[in-house]
Amino acid sequence: MRLDTVIENIERARLSVSPHHIVKLVAVSKSVGTSAVRSLYEQGQRAFGENRVQDMASKCRALDALPLEWHFIGRLQSNKINALLDLDPFLIHSVDSLDVARAIDERAGRRGVRPRILLQINAACEVTKAGVDPREAADVYAAIAQSCPNLLLDGVMTIGAHTEDRQSVQKSFETTRAIFDRLAPFAPSVCSMGMSGDYDLAIRCGSTMVRIGSALFE
Ligand SMILES: *Cc1c(COP(=O)(O)O)cnc(C)c1O
């Protein structure tokens, strides 16, 4: 089974870091329907990731009876924040600026909820990619921690550099992990990095959460 293979690969990579290094798998279901989610659930998977609020809403509702954890991993437009909070997401990985954080904070405050979020870092400084500049990440993180009382800020997320060059991909993961380590005074717990093509490398660079779609579903 694909899930078993992915879990075995994660296991091998994490043990090469340390027996104490724990890695969580988020199954990215953005390109499949509810029956594929249900089938993975029946094999034991609980955490699923979506990159569009609308798709997350429909799957979330269709599978309401199952004890699933929904992770939001896509670009968040401010007019979708309320709809996202309605779904009570387990973790929002893709907060990519202080403005977005403040917008979520403000709406969360009105509802009396405290969503868990990560700061997305554009580790390879790619123009096509969302996320804060790695040189500003620690400052933005501190500013969110200070000015957004309704957010549970719990770490960082990155998408590995978009290139065949493993060295550059590795560098983008190392950059992100180094920022995560510098944030130790804030006690972050999640360093979300690694997708189907690069999760082994991401874990070896210190990822604690991988987001895998195609390797599980295609
Ligand atoms: C689609 C997506 C993934 C999963 O990508 P795969 O290559 O299919 O594993 C992970 N993270 C984000 C942010 C995504 O949009």
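Side chains are part of it too, since the values below use all heavy atoms of this structure and drop only hydrogens, waters and symmetry mates. Keep in mind that what you see is a predicted model, and the values were worked out from it rather than measured. Just follow the structure's listing: the first ligand is 1, and inside any ligand the first atom is 1. Here, residue 1 is the first one in the sequence, and each next residue gets the next number.
Applying the 4.0 Å criterion to heavy atoms of I159 picks out, from ligand 1, the atoms 13 (C). Against a heavy-atom cut-off of under 4.0 Å, I212 is close to the following atoms of ligand 1: 9 (O). In the vicinity of S196, heavy-atom distances shorter than 4.0 Å reach the ligand 1 atoms 6 (P), 7 (O), 8 (O), 9 (O).
Checking each of L151, L118, L84, I81 against I92 for a side chain to side chain contact (heavy atoms under 4.5 Å, CB included) leaves exactly one that passes, namely L84.
Compare D198, N51, I73 by their heavy atoms: the one nearest to atom 13 (C) of ligand 1 is in I73.
With no hydrogens or angles considered, no side-chain donor-acceptor pair links T163 and S168 at under 3.5 Å.
Contact check on E106 versus R110 returns a salt bridge, with a Lys/Arg side-chain nitrogen under 4.0 Å from an Asp/Glu carboxylate oxygen. A salt bridge does not link R14 with D200: every distance from a Lys NZ or Arg NE/NH1/NH2 to an Asp or Glu carboxylate oxygen is 4.0 Å or more.
At the shortest separation from atom 11 (N) of ligand 1 among protein heavy atoms lies R211 NE, 2.9 Å. Here the heavy atom of the protein found nearest to atom 8 (O) of ligand 1 is S214 N, 2.8 Å. Nearest protein heavy-atom contact of atom 1 (C) of ligand 1 is K30 NZ, 1.3 Å. M195 SD, 3.3 Å is the protein heavy atom nearest to atom 10 (C) of ligand 1.
Environment of CZ in R52: sparse, with no more than 12 heavy atoms of neighbouring residues, nucleotides or ligands closer than 6.0 Å.
Residues M157 and M209 are not in side-chain contact: their nearest non-hydrogen atoms beyond the backbone lie 4.5 Å or more apart.
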